[in-house]
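Just so you know, residue 1 is the first one in the sequence shown, and it goes up from there. In this text the structure is predicted, and so the values were computed from the model without any measurement.
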Amino acid sequence: MLKNLLSFCLLLAAIPMQSQTGPADYVHPLVGSANEGQTYPAAGVPFAMTHWSPQTRAGEIKCVAPYYFGDRKIQGFRGTHFMSGSCVPDYGSFTLAPGMGALKTNAVERASSFDRATEHAAPYAYSVELKDAGVKAEITGTLRAGAMRFQFTRDDDAWVVIENNARGGDGWVRVDAAKQEVTGEVPVRREYAGSGKLAGFSGYFVVEFSKPFADSGAFAGAKIAEGKAEQRGDGQPVGVVRIPAISTAVVGASKAVIDMPTGSPRPGFGGYVRFPGAHAGDVVVARTGTSFVSVDEARRNLRAEIPGFDFDAVKQQARAAWNRSLGQIEVKDDIPARTIFYTAMYHALLHPRTLSDVDGSYPAFASMGRIAHADGFTYYDDFSMWDIFRAQLPLLTLLDPQRSVDFVRSLMAKGDEGGFLPIFPAWNSYTSEMVGDHASVAILDAWRKGLRGFDIEHAYGQMRKNATELPKDRAEYIDGKGRRGLDSYLKYGYIPLEDHIGDAFHKNEQVSRTLEYAFDDAMIGALAKDLGKDADAALFTGRGQNWRKVIDPQTGFARGRLANGAWVSPFEPAGKYSWITEGTPWVYTFFVPQDVPGLIALEGGPKRFEEKLDRLFDGKYYDHGNEPSHHIAYLYDAAGAPAKTQAHVRALMESEYRDGPGGLAGNDDAGQMSAWYVLSALGFYQVAPGVPEYWLGSPRFHETTVLLPSGERLRVIAKGAADGKVYVRRVTFNGTEIAGFKLRHAQLAGGGVLEFEMSAQPPVK
């Protein structure tokens with residue numbers, strides 16, 4: 001109890017010291033920055049190219065976020081591209097570190113202690129007083145640029161270090177005293193497929209200061225070169241330095257915070273500028289433009305988005321941007337859950353990342369240097385697709401359909417530029433990360449919900465190619481193109497255990513792959529039917545039944561299978577197996593969202609299906625900290641036991657989401673964990689993305705209003721929900737009682753009144 005109270009009191013320090021006049025002021029960005037959440041206090045605007053964060057951990061190291069709540073020193077402020085809530089490396093990042101007195105370039109040596117009471121985090125800004133450095137620092141940002149304000153707290157010489165965080169120790173930083181600017185290039189390296197190899201593009205930055213710097217220099221490791229204008233690399237052999245693998249499951253990330261050094265495995269390099277003779281109260285503002293195309297584009301982005309040095313104006317613009325986005329959902333109830341809700345919504349609006357510049361330029365996907373141009377749309381990247389296809393992307397089809405169309409156009413552009421739709425596009429490259437082929441589902445989900453503005457026939461051709469064709473040679477396959485194990489899947493209708501799938505970060509996992517491909521195929525079949533492609537509709541709908549080939553009808557569980565049809569033994573449904581992705585057969589047995597009635601029938605009917613769900617929850621096999629579990633509580637609806645859906649969904653909202661640094665049950669995974677909460681708190685969830693309908697649960701608030709892009713409003717009324725009433729007696733939409741447990745997307749997107757009659761007790765059967 002004392003530990004929880006301490007965490008809560010510390011977190012209160014993160015609330016901006018101003019009157020709460022907008023939803024952004026209810027957000028606590030430090031939530032998830034302890035334990036396994038893997039988030040960090042990203043300041044700026046929604047879906048930004050670059051987020052701005054305090055840095056407590058140096059380097060671009062896989063699974064290491066820029067900031068952890070448990071760290072007690074801040075090394076500087078990073079322009080970061082770390083995928084929030086993930087286990088990936090940062091890329092294309094750089095750090096500005098202010099200080100006074102003797103120049104300190106090493107990240108660990110320059111790190112400054114701070115009082116937690118001076119740390120204030122909001123979606124649009126972050127500030128802290130660095131005691132050792134003698135600086136009060138504030139950061140904020142726009143879509144492609146950032147601003148930092150450094151106020152010196154004593155009389156002394158002041159300086160700012162600009163460090164290139166390149167994972168391979170390559171790139172450069174240049175200080176131009178004549179132009180009074182600092183520029184740099186940070187080469188991007190791939191992860192998973194092509195791990196450590198150059199991605200063919202870089203992060204670029206340009207930094208300008210509100211006051212002229214008097215002198216400058218460069219550094220590499222401990223070697224400082226006064227007056228040197230440019231530093232290329234850190235002087236060590238170029239390449240990724242391997243460190244012990246970090247897992248973010250089962251206290252992996254939190255243990256790493258304790259065990260791993262806060263410094264980088266590379267020596268570090270960059271430039272610095274000095275402001276000699278600074279006095280207490282003096283202020284220097286640094287404005288920074290970023291781009292993935294060139295320094296010139298970074299400068300153009302900066303001029304367009306931060307034309308001057310008015311830090312407060314940039315901060316207010318960022319605050320207004322967050323209030324607009326978060327304000328699309330109005331929560332009337334003044335209860336602690338409102339803070340949890342808006343914090344979750346904040347996390348759900350950070351990714352995918354804007355990658356194109358103000359003029360539309362962006363590095364073409366998987367192209368090793370070619371520059372493309374987004375005409376009439378914004379190009380996005382960093383789609384944590386295995387995670388976000390479930391709730392985060394569906395949430396945005398409701399709240400922000402135009403941006404969702406740009407997501408689709410971005411995915412299609414990747415398919416055109418690289419030859420295959422990507423499975424998990426990150427670092428603007430193929431990755432072969434995770435399982436399934438859910439870019440297809442994200443595209444067709446948008447189309448089947450009525451979103452337009454892209455060529456669905458062309459998109460369908462891309463989906464069909466992914467589902468039916470292998471890359472032209474093994475080199476392309478190893479590079480991450482195409483479905484893993486597709487040849488076996490086409491031959492057997494499932495992936496037998498003899499196909500070891502070695503050319504992927506997640507090796508093997510044959511049963512999970514089969515189940516997820518079957519879901520993808522079923523959704524492609526539904527789209528084919530919509531488009532009048534009857535032969536394809538029959539083909540893919542049939543393949544959508546391949547789930548039956550890896551769920552053993554004798555045991556009723558997903559189970560490994562050999563090429564001769566034999567089921568693997570010994571078998572324990574709660575066991576950990578190489579043929580299941582990040583879970584157990586208990587969880588993956590329920591991944592048949594395309595055919596829940598069929599799964600219920602295989603399990604022996606609604607009552608036995610309900611009992612099996614009971615055993616899942618009672619046996620603690622459910623794992624909300626990982627995505628394959630996220631739809632399961634809603635399956636009680638289909639078994640005729642909606643009260644159990646309501647009870648479990650509400651229990652998960654209460655137990656797995658808290659207001660504190662350790663407030664997330666697992667990796668947030670680019671907003672998926674958080675998006676589950678947002679949708680569930682509204683009272684519904686899309687069990688099968690691609691099927692444009694939502695299943696009903698238990699709303700968290702008395703009243704919420706969704707301000708739809710069409711100008712209509714969707715009011716969700718659930719009197720008593722905020723006071724602890726969990727169960728639903730009846731549901732009406734626009735005054736008409738809903739028969740069953742589903743609502744169509746078109747109904748919600750059209751606006752109206754969705755009213756739940758709540759009860760403290762479940763109905764008597």
Side-chain angles (χ1 to χ4, degrees), residues 44 48-52 60 77-81 90-96 141-148 160-189 198-210 212-213 216-220 228-234 238 268-273 285-309 353-364 367-374 379 381 427-428:
M49 173 181 285
T50 303
H51 294 128
W52 306 93
E60 298 181 340
F77 303 94
R78 187 186 297 189
T80 177
H81 307 111
D90 203 344
Y91 70 93
S93 74
F94 59 96
T95 300
L96 272 65
T142 62
L143 199 60
R144 303 173 182 88
M148 303 185 186
V160 177
V161 165
I162 304 93
E163 183 168 7
N164 183 319
N165 298 323
R167 193 177 178 203
D170 43 359
W172 52 267
V173 174
R174 184 178 302 130
V175 183
D176 190 324
K179 290 184 177 179
Q180 285 284 298
E181 70 174 14
V182 181
T183 54
E185 176 186 4
V186 190
V188 174
R189 291 180 181 266
L198 289 168
F201 70 104
S202 298
Y204 297 91
F205 63 85
V206 56
V207 185
E208 299 175 348
F209 298 93
S210 60
F213 52 85
S216 58
F219 71 95
K228 185 177 181 180
E230 180 175 290
Q231 179 63 43
R232 287 190 170 270
D234 60 12
V238 172
F269 73 97
Y272 63 87
V273 299
V285 173
R287 60 177 184 176
T288 303
T290 65
S291 168
F292 290 109
V293 172
S294 68
V295 167
D296 286 341
E297 287 293 329
R299 192 179 289 110
R300 186 176 291 112
N301 292 339
L302 177 61
R303 297 286 186 271
E305 296 184 359
I306 307 181
F309 289 94
R353 179 185 318 287
T354 297
L355 213 76
S356 53
D357 295 319
V358 290
D359 69 352
S361 300
Y362 69 91
S367 67
M368 295 304 293
R370 187 171 67 85
I371 303 303
H373 195 274
Y379 177 82
D381 193 47
W427 315 285
N428 210 34

**OP:** Determine, stepwise, if the pair T50 / H81 fulfils side chain to side chain contact (heavy atoms under 4.5 Å, CB included).
**Re:** CA-CA 6 Å; T50 303; H81 307 111; 2.9 Å; yes

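- The two residues S361 and H373 come nearest to each other via the heavy atoms N-CD2, 3.9 Å.
- Put simply, the side chain of V173 reaches to within 4.5 Å of the side chain of F205, judged on heavy atoms.
- Cation-pi geometry between R287 and F309 is met: under 6.0 angstrom from the ring centre, within 45 degrees of the axis.
- Residues L198 and D170 are in side-chain contact: their nearest non-hydrogen atoms beyond the backbone lie under 4.5 Å apart.
- One finds the CG atom of D234 at 10.0 Å from the CZ atom of F219 (value rounded to the nearest 0.5 Å).
- Between the CZ atom in F269 and the CG atom in N165 there is a gap of 8.5 Å [rounded to 0.5 Å].
- Of the possible donor and acceptor atoms, one in the side chain of N164 sits under 3.5 Å from a partner among the backbone N and O of E185.
- Heavy-atom minimum distance, A298 versus Y204: CB-O, 4.0 Å.
- The minimum heavy-atom distance linking L302 with A145 is given by the pair CD1-CB, 4.2 Å.
- Ring-plane geometry between W427 and Y91 is classed as perpendicular, the angle between the planes exceeding 60 degrees on a 0 to 90 degree scale with a lower cut at 30.
- Residues W172 and T183 form a side-chain contact, since some pair of their non-hydrogen atoms from C-beta on lies under 4.5 Å apart.
- Judged as a salt bridge (charged side-chain N to carboxylate O under 4.0 Å, His left out), and not counting sequence neighbours, D176 has no contacts.
- Contact record, E230 with K228: O-CE, 2.8 Å, taken as the closest heavy-atom pair.
- Side-chain atoms of R300 and E297, non-hydrogen and from C-beta on, do get closer than 4.5 Å to each other.
- Taken from OG in S216 to CD in Q180, the straight-line distance is 8.5 Å, to the nearest 0.5 Å.
- Panel note: side chain N301, backbone T290; a donor-acceptor pair is recorded below 3.5 Å.
- Counting all heavy atoms, side chain and backbone alike, G184 lies closest to V295 at O-CG2, 4.0 Å.
- At least one side-chain heavy atom of L355 sits under 4.5 Å from a side-chain heavy atom of P363.
- With no hydrogens or angles considered, a side-chain donor-acceptor pair links E305 and T142 at under 3.5 Å.
- No donor-acceptor pair under 3.5 Å is formed between the side chain of E208 and the backbone N or O of S210.
- Counting heavy atoms from C-beta outward, D90 and R78 have side chains that approach closer than 4.5 Å.
- Annotation: side chain of N428 is not in contact with side chain of F292 (no heavy-atom distance under 4.5 Å).
- Two residues are said to be in side-chain contact when any heavy atoms from C-beta on lie closer than 4.5 Å; D381 and Y362 fail this criterion.
- For the side chain to side chain donor-acceptor pair (under 3.5 Å) test with S93, the passing option among R167, E60, E163 is E60; the others fail.
- Note on ring orientation: taking the six-membered ring where Trp is involved, the planes of F94 and W52 are perpendicular (angle over 60°, cut-offs 30° and 60°).
- Across S356 and R144, no two heavy atoms sit closer than the pair O-NE, 2.7 Å.
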